[in-house]
Amino acid sequence: MKVTEHIKESKSTLFSIEILPPLKGKGIESIYSGIDPLMEFNPAFVDVTYHREEYVYKKHPDGSLERKSVKKRPGTVGISAALAYKYDLDAVPHIICGGFSKEETENALIDLHFLEIDNVLAIRGDQIKSEASFEPNPEGHAHALDLVKQIVRMNKGHYLDDELMDASPSNFCIGVAGYPEKHFEAPNMKSDMKHLKDKIDAGADYIVTQMFFDNEKYFEFVRKCREMWINVPIIPGLKVLTTKNQSTLLPKIFNIDIPEAFLDEIEKCKTDKEVKEVGIEWCIQQSKELYKHKVPVLHYYTMGTSDSTKRVAEKVF
């Protein structure tokens with residue numbers, strides 16, 4: 001079932017989560033243990049992130065260094081299929097630009113189509129840690145907009161090989177990312193909103209926002225979208241802040257603000273355990289206000305753990 005169908009058929013705000021694939025060598029049991037406690041809230045769908053390769057240097061006995069490409073969290077497609085099999089859940093695998101050629105992207109989408117997974121989140125993805133800025137695959141896409149266009153073409157039965165006759169169309173519901181506080185690379189909010197509008201005009205079906213801790217930022221973002229005739233569902237993304245370090249790291253990494261009132265309460269805490277309690281309560285109040293405003297879905301970035309999200313959901317759903 002498509003994300004947009006879930007939203008259309010529901011009479012109230014839905015619950016959804018995003019999970020990380022386990023580190024290479026770890027079993028899928030960690031995924032199940034993170035989802036099991038949240039099943040009582042009937043998640044409409046589960047996003048499965050994709051983490052691109054990193055480069056490491058291996059030192060040889062002769063002192064020379066070998067640069068190796070390593071994928072630390074593989075398994076996005078397999079996990080998506082496992083969620084459908086074990087829980088009868090709709091998975092939303094992330095499809096990224098970085099590290100993929102157009103043909104590799106097409107083949108991944110074909111695999112998903114064969115598995116009857118009909119939701120994807122199309123994002124550019126981050127640069128490799130060793131890169132100063134994002135560098136696309138020479139044979140791939142530089143922007144999420146181009147990725148959306150490729151998926152839309154497949155939905156119409158058009159593949160990279162123009163000589164294919166009577167090609168079977170895919171049937172993907174396409175989500176894209178939105179940034180209530182602006183993408184960190186955008187020169188200004190107007191420019192960022194224009195890029196978002198381009199993705200919707202190209203055929204994206206819904207938007208999931210970057211995390212935020214000030215609901216007014218989300219409400220203003222929705223207003224700006226509607227003024228630009230962006231009329232697709234806009235799903236707010238939420239995260240429970242659990243450590244004091246996150247109050248400085250998250251703004252730096254994601255270009256987001258921590259509200260003064262929230263930061264004041266965090267700074268009073270002497271331990272991360274206390275910070276976690278403050279973070280849970282803040283997220284509960286955020287969620288209740290958003291639920292009251294009848295947002296389509298409350299989407300939680302769980303980072304592979306469920307205890308904090310469970311405590312929030314118990315007070316909201």
Side-chain angles (χ1 to χ4, degrees), residues 1-4 16-26 28 31 45-55 68-87 89-128 131 134-164 166-177 199 202-208:
M1 192 171 180
K2 295 182 177 181
V3 168
T4 49
S16 70
I17 60 174
E18 179 176 298
I19 62 173
L20 298 169
L23 288 167
K24 183 181 287 187
K26 302 295 184 181
I28 199 170
I31 297 292
F45 56 90
V46 177
D47 273 37
V48 185
T49 64
Y50 191 96
H51 289 248
R52 63 174 302 180
E53 77 280 8
E54 297 179 18
Y55 287 103
K68 295 185 66 177
S69 174
V70 177
K71 289 187 178 179
K72 293 186 175 181
R73 293 184 182 271
T76 296
V77 173
I79 291 169
S80 297
L83 294 181
Y85 177 77
K86 182 175 176 64
Y87 297 105
L89 274 174
D90 285 310
V92 184
H94 291 194
I95 302 294
I96 67 173
C97 296
F100 287 91
S101 68
K102 296 173 187 176
E103 184 174 2
E104 288 169 332
T105 296
E106 181 175 89
N107 290 338
L109 291 166
I110 289 171
D111 285 343
L112 293 172
H113 182 51
F114 287 164
L115 290 167
E116 298 184 342
I117 294 171
D118 54 7
N119 296 288
V120 292
L121 187 73
I123 55 178
R124 189 198 70 179
D126 299 325
Q127 70 263 26
I128 297 174
E131 294 177 346
F134 178 82
E135 295 182 13
N137 183 305
E139 303 297 325
H141 297 303
H143 304 286
L145 171 61
D146 301 315
L147 191 54
V148 170
K149 289 179 178 178
Q150 181 177 2
I151 301 169
V152 169
R153 279 179 52 82
M154 281 188 62
N155 280 350
K156 296 177 180 179
H158 301 306
Y159 290 69
L160 295 175
D161 184 352
D162 291 331
E163 295 182 1
L164 291 177
D166 299 321
S168 175
S170 54
N171 188 34
F172 292 111
C173 176
I174 307 167
V176 293
K199 290 187 287 188
D205 298 292
Y206 68 96
I207 298 164
V208 180

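- Between atom CG of residue L20 and atom CG of residue D47 there is a gap of 11.0 Å, rounded to the nearest 0.5 Å.
- A pairwise comparison of heavy atoms in F172 and L109 identifies CZ-O, 3.3 Å as the closest pair.
- When the options D118, T76, I95, N107 are evaluated for a side-chain contact (heavy atoms from CB on, under 4.5 Å) with L112, the one that passes is I95.
- Residues D205 and V3 are not in side-chain contact: their nearest non-hydrogen atoms beyond the backbone lie 4.5 Å or more apart.
- Listed here is the closest heavy atom pair of I96 and R124: CB-O, 3.9 Å.
- Not a single donor-acceptor pair under 3.5 Å links the side chain of S80 to the backbone N or O of A91.
- Residue H113 places its NE2 atom among more than 12 non-hydrogen atoms of other residues, nucleotides or ligands, all under 6.0 Å distant.
- In this structure, the side chains of E139 and E103 stay at 4.5 Å or more apart for every pair of heavy atoms.
- Inter-residue side-chain proximity for P22 and I31 is flagged as met; some heavy-atom pair is nearer than 4.5 Å.
- When all heavy atoms of G203 and I174 are compared, the pair lying nearest together is O-CD1, 4.2 Å.
- Here the shortest heavy-atom pairing between K199 and V148 reads O-CG1, 3.9 Å.
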Pair L160-Q150, side-chain contact (heavy atoms from CB on, under 4.5 Å): steps then yes or no: CA-CA 9 Å; L160 295 175; Q150 181 177 2; 4.1 Å; yes
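- Of all heavy-atom pairs spanning T49 and E18, the tightest one is CG2-OE2, 3.1 Å.
- Inter-residue side-chain proximity for N155 and P169 is flagged as unmet; no heavy-atom pair is nearer than 4.5 Å.
- With sequence neighbours left out, the side chain to side chain donor-acceptor pair (under 3.5 Å) criterion links N119 to no other residue.
- Counting heavy atoms from C-beta outward, Y159 and I110 have side chains that approach closer than 4.5 Å.
- Atoms CD and CG, on E116 and N171 in that order, are 10.5 Å from each other to the nearest 0.5 Å.
- G157 approaches A167 most closely through the heavy-atom pair O-CB, 3.5 Å.
- A81 pairs by the side chain to side chain contact (heavy atoms under 4.5 Å, CB included) definition with L115, not counting sequence neighbours.
- E104 CD: more than 12 foreign heavy atoms inside a 6.0 Å radius.
- Side chains of I117 and P93 form a contact here, defined as non-hydrogen atoms less than 4.5 Å apart.
- Between I28 and I79, some side-chain heavy-atom pair lies under the 4.5 Å cut-off.
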